[in-house]
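Predicted model, so just to flag it, every value in this text is computed and none were measured.
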Amino acid sequence: MDEVTRIVNDIKQGNIKPFYFLMGEEPYYIDKLTEYIEQNILTEEEKGFNQMVLYGKDVTVEDVVANAKRYPMMADRQVVIVKEAQELSRTIEKFESYFENPQPTTVLVIAYKYKTLDKRKKVTKVAEKKGLVFESKKLYENQVGDWIKRVLSGRQYAIDPKAAAMLVEFLGTDLSKINNELEKLAIILPKGSTITPQHIEENIGISKDYNVFELRKAIGERDQLKAYKIAAYFAQNPKDNPLVMTVGLVFGFFTQLLQYHGLKDKNQAAKVLKVNPYFIKDYEIAARNYPMRKVSAIVAALRDVDVKSKGVGANSLPADDLLKEMLVKIFN
């Protein structure tokens, strides 16, 4: 993320703000910036007396301000870090007076995860004027693959597009979880390696042959044998392949296929569908196998299966039967 890089570079160059209010739905960058400040503002010798880590559930805003107003000991500045600051959300506006007149020898870091300040409130406007407010936004699913690629490139690795898709499908948009798995792979594989689906299967436990990505591909190619084999595997391993998620992802595929059919300029497909260009050929193949009218009928049928997968009007049908019903409605 460009803004994160800019903040880090500013700190390296000595352009340090009196306080950093780090907020937003995506905790990964909040944690990374907090960690960077914790490790790099003070020397190891200075940290003993001048670095304090507080936790939102254990303190009040008044406690934080009192610590922030202390003077450093035998150092130019002190660092006060408030982790899990979202626990202070009910009284967060009490920081306004401190933000108006922050202690110049203190670097205050407020890690306010999963929440954001109301931009209409005075406290936010003051914070933006006197310190630094950073919002860490959740990435959309179609953005995570590029994020994985950038992170690995910085560590001198590459990744196969299918391997990246497997990680996103298995771990969703949780950047911290994905990063943890990437760090494991970096320990195992030498720098310069390209991470493949085989590496994902062997080291993370995601099957390269039996996953939703492969199921959608088999459906798109009308490879009924392969699709039913994957569905049977899912039914036998429901914990790793939740029925609701499987139906939802297949439904999403056909919704995108409907969009693809409606495009006048197919060269814009990757941008409009918000998918990696590498996978557009799957939509081209599926479009030839499923005319627009058929896709519309499938989307309607999948709505019914989706409702049943959530236990509505299904008379507790087992996952195996619902997966078969889904495939029958698609292939017939």
Side-chain angles (χ1 to χ4, degrees), residues 1-9 11-12 22-40 81 83-84 109 111 113-114 134-217 237 239-242 245-246 248-249 252 270 274-280 282:
M1 191 182 224
D2 292 342
E3 190 177 357
V4 174
T5 303
R6 180 180 58 77
I7 293 169
V8 169
N9 286 338
I11 292 172
K12 286 180 179 178
L22 312 175
M23 63 183 189
E25 291 296 319
E26 177 48 68
Y28 176 80
Y29 286 114
I30 295 174
D31 287 339
K32 286 296 178 185
L33 283 171
T34 302
E35 181 183 324
Y36 182 82
I37 293 171
E38 190 173 355
Q39 293 178 354
N40 292 280
I81 297 171
K83 296 185 177 180
E84 308 299 336
V109 181
K113 295 181 184 177
Y114 314 113
F134 166 74
E135 183 176 355
S136 184
K137 296 180 180 179
K138 272 280 187 190
L139 294 185
Y140 293 111
E141 189 171 305
N142 64 293
Q143 297 174 310
V144 179
D146 286 338
W147 179 86
I148 293 171
K149 188 176 177 182
R150 286 199 307 274
V151 169
L152 288 173
S153 177
R155 298 173 184 172
Q156 299 178 42
Y157 291 89
I159 188 166
D160 181 276
K162 180 181 173 182
M166 288 167 64
L167 284 172
V168 176
E169 286 185 355
F170 189 72
L171 300 172
T173 59
D174 189 322
L175 302 188
S176 296
K177 284 184 180 179
I178 294 172
N179 186 62
N180 288 341
E181 299 301 338
L182 296 179
E183 288 179 346
K184 291 177 189 176
L185 290 169
I187 293 171
I188 298 164
L189 302 173
K191 285 189 176 181
S193 299
T194 295
I195 296 169
T196 66
Q198 188 75 25
H199 292 136
I200 301 294
E201 181 174 51
E202 292 174 353
N203 300 291
I204 299 179
I206 309 170
S207 172
K208 66 182 176 63
D209 297 315
Y210 295 93
N211 55 66
V212 173
F213 172 76
E214 287 298 320
L215 176 61
R216 291 190 309 192
K217 192 169 186 292
N237 300 273
K239 187 176 178 181
D240 294 331
N241 305 279
M245 186 178 295
T246 299
L249 289 169
K274 297 180 180 179
V275 299
N276 190 310
Y278 176 85
F279 299 111
I280 287 299
D282 295 338

Worksheet item: So how far is it from Leu33 CG to Leu22 CG, rounded to the nearest 0.5 Å?
Response: 5.5 Å
Practice prompt. May I have the step-by-step check of salt bridge (Lys or Arg N to Asp or Glu O under 4.0 Å) for Lys83 and Asp31, ending in yes or no?
Written response: CA-CA 9 Å; Lys83 296 185 177 180; Asp31 287 339; over 6 Å; no
Item to complete: Compare every heavy atom of Phe213 with every heavy atom of Ala165, then report the nearest pair and how far apart it is.
Response: CB-CD1, 4.4 Å
Worksheet item: Do the side chain of Ser153 and the main chain of Lys149 share a donor and acceptor less than 3.5 angstrom apart?
Response: no
Worksheet entry | Minimal non-hydrogen separation, Tyr29 against Val4, with atom names | CD2-CG2, 3.5 Å
Practice prompt. Apply salt bridge (Lys or Arg N to Asp or Glu O under 4.0 Å) to Glu3 and Arg6, showing your working.
Written response: CA-CA 5 Å; Glu3 190 177 357; Arg6 180 180 58 77; 3.7 Å; yes
Discussion item. Just so I know, are the side chains of Ile159 and Thr194 near enough to count as touching, which here means a heavy-atom distance under 4.5 Å?
Written reply: no
Worksheet item: Of all heavy-atom pairs between Phe279 and Pro161, which one has the smallest distance, and what is that distance?
Response: CZ-O, 3.4 Å
Item to complete: Taking the side chain as every heavy atom from C-beta outward, state whether Asn179 and Lys32 have any atom pair closer than 4.5 Å.
Response: yes
Worksheet item: side-chain contact (heavy atoms from CB on, under 4.5 Å) between Glu183 and Arg155: does it pass, once the steps are laid out?
Response: CA-CA 10 Å; Glu183 288 179 346; Arg155 298 173 184 172; 3.8 Å; yes
Worksheet item: Could you give the distance from CG (Asn211) to CG (Asn241), rounded to the nearest 0.5 Å?
Response: 8.5 Å
Worksheet entry | Sidechain N-carboxylate O distance under 4.0 Å for Lys137, Glu25 | no
Worksheet item: Taking it one step at a time, do Met166 and Ile204 satisfy side-chain contact (heavy atoms from CB on, under 4.5 Å)?
Response: CA-CA 10 Å; Met166 288 167 64; Ile204 299 179; over 6 Å; no
Worksheet item: Do any N or O atoms from the side chain of Asp174 and from the backbone of Lys177 form a donor-acceptor pair under 3.5 angstrom?
Response: yes
Fill in: From Leu139 atom CG to Asp146 atom CG, the distance as rounded to the nearest 0.5 Å
10.0 Å
Worksheet item: Which value, rounded to the nearest 0.5 Å, describes the distance between Tyr114 atom OH and Glu26 atom CD?
Response: 8.5 Å
Practice prompt. For residues Asp282 and Arg216, determine if any side-chain heavy atom of one lies less than 4.5 Å from a side-chain heavy atom of the other.
Written response: no
Worksheet item: Given the side-chain rings of Trp147 and Tyr140, with only the six-membered ring counted for Trp, is the space between their centroids under 6.0 Å?
Response: no
Worksheet item: Taking the side chain as C-beta and beyond, is there a heavy-atom pair between Ile81 and Thr34 under 4.5 Å?
Response: yes
Worksheet item: So do the side chains of Glu181 and Leu171 get within less than 4.5 Å of each other, counting heavy atoms only?
Response: yes
Worksheet entry | Min side-chain heavy-atom separation Lys208-Ile200 under 4.5 Å | no
Fill in: Close side-chain approach of Asn9 to Lys12, heavy-atom, < 4.5 Å
yes
Worksheet item: How far does OG of Ser136 sit from CG of Leu175, to the nearest 0.5 angstrom?
Response: 7.5 Å
Discussion item. If you compare all heavy atoms of Val168 against all heavy atoms of Glu141, which two are closest, and at what distance to 0.1 Å?
Written reply: CG1-CG, 3.4 Å
Discussion item. side-chain contact (heavy atoms from CB on, under 4.5 Å) for Ile195 and Asp160? Distances and angles first, verdict last.
Written reply: CA-CA 6 Å; Ile195 296 169; Asp160 181 276; over 6 Å; no
Worksheet item: Could you state the interatomic distance from CD1 (Ile148) to CZ (Arg150), rounded to the nearest 0.5 Å?
Response: 10.5 Å
Fill in: Student check: side-chain heavy atoms of Leu182 and Leu167 closer than 4.5 Å
yes
Practice prompt. Evaluate the criterion side-chain contact (heavy atoms from CB on, under 4.5 Å) for residue pair Lys191 and Tyr157; output intermediate values, then yes/no.
Written response: CA-CA 6 Å; Lys191 285 189 176 181; Tyr157 291 89; 3.9 Å; yes
Worksheet item: Is the number of heavy atoms from other residues, nucleotides or ligands under 6.0 Å of Lys162 NZ greater than 12?
Response: yes
